[in-house]
Amino acid sequence: MTDPRSDRMLRVDQAGEYGATRIYAGQLAVMGNRAPKSDEIAAMAAQEQAHRERFDALLAERKVRPTALQPLWSAAGYALGAATALIGPEAAMACTAAVEEEIERHYTKQLEELADSDPEFSGLIEDFREDERAHHAAALAAGAERAPAYPLLSGAIRLGCRLAIRLSERV
Ligand SMILES: [Fe+2]
Ligand SMILES: [Fe+2]
């Protein structure tokens, strides 16, 4: 038996990494693989896929059920990715910057809460947080802040992420 607190955290984290893969899938579907930023996006997408697979494996190993909202995150993530890519490459990067900012904050909070109670899980979170930090920096370097209506776009996406986190913890 693992700590029910860890189980809840693992559920939300798996949902988040799954959502991330769906955001990038939506962006790449719109941008195609010849767009200027598509290599960079494909590289980040591959890392999200790896994060997701590690959490999938840990869920299975610990017999934790995934969130029931998976189909919702699949559709919402894909739509968010596609919509931001339709606005343009900078908006796609603004989306990544906003999401990663929230994920980084979320992982930091979890690491504090877990302290040394679950080293296996904490170790994964720490590794992934490094990747998310790099994604955040790459998105800013790629012009995220030049996206149209950046503060509004970024604020709305960050709010959506916080809501998704709260819902996935419970459902
Ligand atoms: Fe990730
Ligand atoms: Fe990421």
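Both ligands and their constituent atoms are indexed starting at 1 by order of listing.
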message = Is Glu100 close enough to the Fe ion (ligand 2) that one of its N, O or S atoms comes in under 2.8 Å?
response = yes

His135 near the Fe ion (ligand 2): N/O/S under 2.8 Å: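 Under 2.8 Å: His135 contacts the Fe ion (ligand 2) through an N, O or S atom.
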
Check His51 and report its N/O/S atom nearest to the Fe ion (ligand 1), by atom name.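 Closest to the Fe ion (ligand 1) among those atoms: ND1.
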
- Message: For the Fe ion (ligand 1), give me the closest N/O/S atom belonging to Glu17, just the atom name.
- Response: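 Result for Glu17 and the Fe ion (ligand 1): OE1.
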
Atom name of the N, O or S atom of Glu48 nearest to the Fe ion (ligand 2) is OE2

Restricting Glu132 to its N/O/S atoms, the closest one to the Fe ion (ligand 2) is OE1

How are the rings of Phe128 and His51 set to each other: parallel, tilted or perpendicular (split at 30° and 60°)?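 Plane angle under 30°, so parallel.
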
Side chains of Ser168 and Arg11: do they bring a donor and an acceptor to under 3.5 Å?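 Per modelled atom types, Ser168 and Arg11 side chains form no pair under 3.5 Å.
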
For residues His135 and Gln47, is any side-chain donor paired with an opposing acceptor at under 3.5 Å? yes

Arg62 with Asp118: basic N within carboxylate O range, under 4.0 Å: yes

Query raised in the report: Is it the case that one hydrophobic cluster holds both Tyr150 and Met93, taking links as side-chain heavy atoms less than 4.5 Å apart, direct or via other members?
Result: no

